[in-house]
K.L.:
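Here's a structure for you.
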There are 2 protein chains.
Amino acid sequence: MNAEREAGQIARVRRFNRTVTERVGVLHDHYLGRDRPVGEARLLWEIGDEGRDVRGLRDRLGLDSGYVSRLLRSLEADGLVTVGTAPGDRRVRTVRLTEAGRAERAALDTRSDALAGSLLRPLNPAQRARLVTAMAEVERLLTAATVVLDTLDPGHPDAVHCLRAYAAELGERLDTGFDPARSLLPDPGELRPPHGLFLVARLHGDPVGCAGLKLPPGAPAEVKRMWVAPDVRGLGLARRLLAELESRAARHGSTLLRLDTNKALTAALGLYRAYGFEEVEAFNDEPYAHHWFEKRVAPPGAGPDVSVPAR
Amino acid sequence: MNAEREAGQIARVRRFNRTVTERVGVLHDHYLGRDRPVGEARLLWEIGDEGRDVRGLRDRLGLDSGYVSRLLRSLEADGLVTVGTAPGDRRVRTVRLTEAGRAERAALDTRSDALAGSLLRPLNPAQRARLVTAMAEVERLLTAATVVLDTLDPGHPDAVHCLRAYAAELGERLDTGFDPARSLLPDPGELRPPHGLFLVARLHGDPVGCAGLKLPPGAPAEVKRMWVAPDVRGLGLARRLLAELESRAARHGSTLLRLDTNKALTAALGLYRAYGFEEVEAFNDEPYAHHWFEKRVAPPGAGPDVSVPAR
DNA sequence: ATGGTTCTCTGACTAAAGTCAGAGAATGAA
DNA sequence: TTCATTCTCTGACTTTAGTCAGAGAACCAT
């Protein structure tokens, strides 16, 4: 049945991979590193205008510490970067571009533009427009597919980051403001096993969304603290978080999922309805809530596959 | 004016390049060559089930002859390929996969599927469908952009290939059959400077289309022998060939472009009309023609930019 | 048959990319 | 203070990837 469709999709993706790595990937690298090893060029690019600490570079590019060190030494010898110790922690070193480094980066930039231009030039205006649109779509969806969901302790720095952002956003959007201490979940620690769980979504290691699940014994599971960072909205991440929570709730044995929300959060209201939640009478006295929803939980294994992508 | 739009498009393409090389390109290579150097893996892949001659491999992958030889030696030592001399020409060597080589290739295949799957898995069905559609579009258009147009002598093997394919196709599609000797251009050598020119379109070095231009002194320029290979139709190549011919005619000083065609070639008829040709009275007595068209030539520089993409 | 060409291979290199095992300084927790 | 940990760096390697200059066999046109 749909194994066949899936095989077709996989074949398409593979053809895409081949075409694109041939036409874009190889060119990309060799355009980039015309008079400089690709490794150095990538590093130069990744340092950015702001500067960056060495650890960050290693993580981002996935390189060995000794290797990065050597690359930096080489860039330093060419006068393209300066390496100094970070203000807070004197073990950590930060790299910044020099004037010459900026110029070199600008040259890479120009080449990157030339590559992009060479892809567009043979096409007529209508084709260009279509290519650009399709590229934007692919990019958006690949980005969506790159987001990974992890169960984290609510005290983990990434979890804290999300919870702060959640509170800050509610504070702005609700006419009443928002004070977590006054809400029904003053302590997110309640979202810790065995009383619940807390999901964090990350993109390239940066936290970009979260959702908590309360699992009170003998009572319906409850969605709490769902948030998605503004710059990754529209990627279907909220839906994915909900689906993941639902499947966790199902595995836990819950048969009903509930949540409450504020009338100001119109996008969330729409999502809950579209996802299959139905509005019900108030089941708690959360001071910030105007709407209460519930949804029967699909039995385990029936949910969409949202496992972590390989990397 | 549209410099601004172009800058926007270039920026989009660059973002795409970055996302895709990060997410697809790097993975692609390192998935592929997990326990084998990428170079060898690529070679193994490129040999294919049918076997291939060494020269073909070199061309396709753009590698040094010595390098390929060494890679083959290594694959041979691992028992993955056998190298023998080609039947026709004993200088040429052909490579075929052994049983073990096929198995290794199948393993690469599986990994490639796994990579594709890892891109799709985090997405919901609607997103998967959209991603696959957008990928197909990008791939099509990148393929279109990869086609290069060259002016070739009509006697060049690639030109001959196209002219033969042209004649064979007409022979099939016209109720009357087609005999080049009976047509008004029995000798394609007339499409040679200074009396004309002959364009060949190539994709990865293989000829996939052609178009000739007659430039009779003091008379309108005339399009002849336009053909596009079946498997690259729908990429806008015919239109691109027409545009290139028009701009060559303009540079030559022609102000009118003409052509004749057969009623069986419905796609061509549609293209000519869409491109701005208007049907006129017969201007010659070509036995295979049912329709005659002409179009005023845009002055030099006004045509779309169809210069050769970088590679 | 002869001379120029084509095709593949070998030997002798080089540069890039990356790995691994410490060493030494700074930090944080007990 | 002490001990484990974190972070960066150096030295000593290896593997990939690729280049270049011929050599030798086979082919092709004259």
K.L.:
Less than 4.0 angstrom between a side-chain N/O of R93(A) and OP1 or OP2 of dC9(D), yes or no?
P.N.:
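For dC9(D), OP1 or OP2 has a side-chain N or O of R93(A) closer than 4.0 Å.
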
K.L.:
Measuring from the side chain of P37(A) (C-beta onward, heavy atoms only), which nucleotide among dT19(D), dA17(C), dT8(C) has the closest atom?
P.N.:
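Out of dT19(D), dA17(C), dT8(C), the nucleotide with an atom closest to P37(A)'s side chain is dA17(C).
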
K.L.:
Of all the choices, dT10(D), dA17(C), dA17(D), which nucleotide is nearest to the side chain of S69(A) once you look at every atom?
P.N.:
dT10(D)

K.L.:
Give, for atom CG of D64(B) and atom CZ of R58(B), the distance between the pair rounded to the nearest 0.5 Å.
P.N.:
8.5 Å

K.L.:
Taking T110(B) for the side chain and A106(B) for the main chain, is one N or O donor matched with an acceptor at less than 3.5 Å?
P.N.:
yes

K.L.:
Just how far, in rounded Å, is P of dC9(C) from CG of D64(B)?
P.N.:
12 Å

K.L.:
Checking contacts here: which listed nucleotide (dC7(C), dC9(D), dA16(C)) is nearest the side-chain heavy atoms of V54(A)?
P.N.:
dC9(D)

K.L.:
With nearest nucleotides of DNA chain D determined for V92(A) and R70(A) from heavy-atom distances, which residue corresponds to the more 5′ nucleotide?
P.N.:
V92(A)

K.L.:
In whole angstrom, give the distance that lies between atom CG of D89(A) and atom P of dG28(C).
P.N.:
6 Å

K.L.:
Just by distance, do the side chain of S69(B) and the backbone of S65(B) share a donor-acceptor pair under 3.5 Å?
P.N.:
no

K.L.:
Between V83(B) and E40(A), which has a closest nucleotide on DNA chain C that is more 5'?
P.N.:
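Going by which nucleotide is closer to the 5' end, it is V83(B).
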
K.L.:
Rounded to the Å, how far apart are R73(B) CZ and dT8(C) P?
P.N.:
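In whole Å, dT8(C) P and R73(B) CZ are 11 Å from each other.
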
K.L.:
Rounded to the nearest Å, what distance is computed from the CG atom of residue D53(B) to the P atom of nucleotide dC9(C)?
P.N.:
11 Å

K.L.:
How many Å lie between CG on L71(A) and P on dA17(C), as a whole number?
P.N.:
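Taking atom P of dA17(C) as the reference, CG of L71(A) is at 8 Å.
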
K.L.:
Determine whether any donor atom in the side chain of R91(A) lies under 3.5 Å from an acceptor atom in the base of dT6(D), or the reverse, and answer yes or no.
P.N.:
yes

K.L.:
Does R90(A) put a side-chain nitrogen or oxygen below 4.0 Å from OP1 or OP2 of dT27(C)?
P.N.:
yes

K.L.:
Using atom CZ of R52(B) as one end and atom C1' of dT8(C) as the other, report the distance to the nearest whole Å.
P.N.:
17 Å

K.L.:
Less than 3.5 Å between a donor and an acceptor, one on the side chain of S65(A) and one on the base of dC9(D), is that the case here?
P.N.:
yes

K.L.:
Atom CG of L63(A) to atom P of dA16(C): distance rounded to whole Å?
P.N.:
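Between P of dA16(C) and CG of L63(A): 16 Å.
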
K.L.:
Roughly, in whole Å, what's the span from CG in D59(B) to P in dT6(C)?
P.N.:
13 Å

K.L.:
Please say whether more than 12 non-hydrogen atoms of neighbouring residues, nucleotides or ligands are located less than 6.0 Å from CZ in R73(B).
P.N.:
yes

K.L.:
Within the distance-only criterion (no hydrogens, no angle test), does the side chain of S112(A) pair as donor or acceptor with the backbone N or O of L108(A) below 3.5 angstrom?
P.N.:
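Side chain of S112(A) to backbone of L108(A): no pair is present.
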
K.L.:
What nucleic acid atoms does G66(B) come within less than 4.0 Å of, heavy atoms only: base, sugar-phosphate, or nothing?
P.N.:
base

